[in-house]
Every structure is written in structure tokens, then in C-alpha cells.
Amino acid sequence: MSNINIIVPKSLDALGRVIAITRRAKVQLINMSVTLEDSMYKIYMRVEGPPDEVRWLVAKLDKLPEVLKIEEYINS
């Protein structure tokens with residue numbers, strides 16, 4: 001299981017793009033929360049799936065111009 005933390009500007013378009021890419025990944029979304037802090041959305045996701053699919057998801061999200069910061073934490 002992996003935790004992915006993402007920061008994007010306060011824009012529903014940016015949030016929609018993150019969700020659209022997450023839907024394309026072959027991972028199961030266990031939990032997702034979005035908070036608004038300092039005119040930025042902070043997205044916290046917990047996903048489960050093959051490690052290569054999780055890496056694919058993180059790489060795709062990292063390529064989005066709207067993503068200001070992305071971090072992945074792997075839980076055993």
C-alpha cells in the first residue's frame with residue numbers, strides 16, 4: 001500500500017486532472033481526501049496495487065504542470 005501526497009493550485013481543473021489520471025491507473029484507491037490550505041489543494045491518496053502501476057501513477061501525476069509537489073510513501 002502506498003500513500004501519495006500532492007499539492008496543486010486552487011483549481012478544480014487541476015483537481016479533475018489528478019482524478020482522471022488516477023482513474024486510468026490499474027490501482028485500487030483505498031482512501032482520498034482533499035483539503036484547501038493557503039490557496040492550494042492538498043490531496044492525500046492511499047492506493048493499493050502492483051508496484052509498477054503505483055510508480056506509473058506517480059510518474060504521470062508528476063508530469064502534470066499543475067502539480068507543485070508530489071511525495072510517495074510506501075507502507076508495508
Side-chain angles (χ1 to χ4, degrees):
M1 195 168 322
S2 296
N3 293 330
I4 302 171
N5 301 335
I6 306 164
I7 298 176
V8 295
K10 182 183 173 187
S11 164
L12 289 178
D13 291 333
L15 186 58
R17 286 186 187 99
V18 168
I19 292 170
I21 289 174
T22 304
R23 289 184 63 211
R24 288 180 36 210
K26 295 174 184 160
V27 296
Q28 182 179 6
L29 185 63
I30 304 298
N31 189 11
M32 180 177 179
S33 65
V34 180
T35 59
L36 178 63
E37 295 180 19
D38 302 326
S39 74
M40 290 182 277
Y41 284 126
K42 292 189 176 186
I43 306 164
Y44 305 96
M45 291 192 287
R46 178 173 285 170
V47 298
E48 191 173 71
D52 59 330
E53 284 296 324
V54 175
R55 283 192 302 271
W56 179 89
L57 174 60
V58 172
K60 281 289 190 183
L61 291 172
D62 195 26
K63 289 180 184 176
L64 285 176
E66 296 92 349
V67 172
L68 303 175
K69 184 177 180 183
I70 186 167
E71 298 172 332
E72 177 190 5
Y73 303 99
I74 299 172
N75 296 343
S76 300

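Because the structure is predicted, anything quoted here is derived from the model rather than measured.
- Under the side chain to side chain contact (heavy atoms under 4.5 Å, CB included) criterion, Lys60 pairs with Ile21, Arg24, Trp56, not counting sequence neighbours.
- A salt bridge (charged side-chain N to carboxylate O under 4.0 Å, His left out) check over residues 49-58, counting only residues at least two apart or in different chains, returns nothing.
- Counting heavy atoms from C-beta outward, Met45 and Leu61 have side chains that approach closer than 4.5 Å.
- Under the 4.5 Å side-chain heavy-atom criterion for ILVMFWY residues, a single connected hydrophobic cluster contains both Val8 and Leu36.
- Under the rule for a salt bridge (charged side-chain N to carboxylate O under 4.0 Å, His left out), the partners of Lys42 that lie at least two apart in sequence or sit in another chain are Glu37.
- Looking at residues two or more places apart in sequence or on another chain, you find a salt bridge (charged side-chain N to carboxylate O under 4.0 Å, His left out) between Lys69 and Glu71.
- Taking each heavy atom of Pro9 and Ala14 in turn, the nearest pair found is O-CB, 4.3 Å.
- Taken from OH in Tyr73 to CG in Asn5, the straight-line distance is 5.5 Å, to the nearest 0.5 Å.
- Under the salt bridge (charged side-chain N to carboxylate O under 4.0 Å, His left out) criterion, Glu66 pairs with Arg17, not counting sequence neighbours.
- How far CD1 of Ile19 is from CE of Met32: 4.0 Å, rounded to the nearest 0.5 Å.
- Scored by the side chain to side chain contact (heavy atoms under 4.5 Å, CB included) test, Ile30 finds Met1, Gln28, Arg46, Glu48 as partners (sequence neighbours excluded).
- In terms of heavy-atom proximity, Val27 sits nearest to Gly49 at CG1-CA, 4.4 Å.
- Note on Leu64: it clusters hydrophobically with Leu29, by side-chain heavy-atom contacts below 4.5 Å among ILVMFWY residues.
- The other residues sharing a hydrophobic cluster with Leu68 are Ile7, Met40, where clustering joins ILVMFWY side chains under 4.5 Å apart.
- Separating the CD1 atom in Ile4 from the CD1 atom in Ile70 is a distance of 6.0 Å, to the nearest 0.5 Å.
- Judged as a salt bridge (charged side-chain N to carboxylate O under 4.0 Å, His left out), not a single pair has a partner in residues 2-12 (not counting sequence neighbours).
- Distance check: Tyr41 OH to Leu12 CG gives 4.5 Å after rounding to the nearest 0.5 Å.
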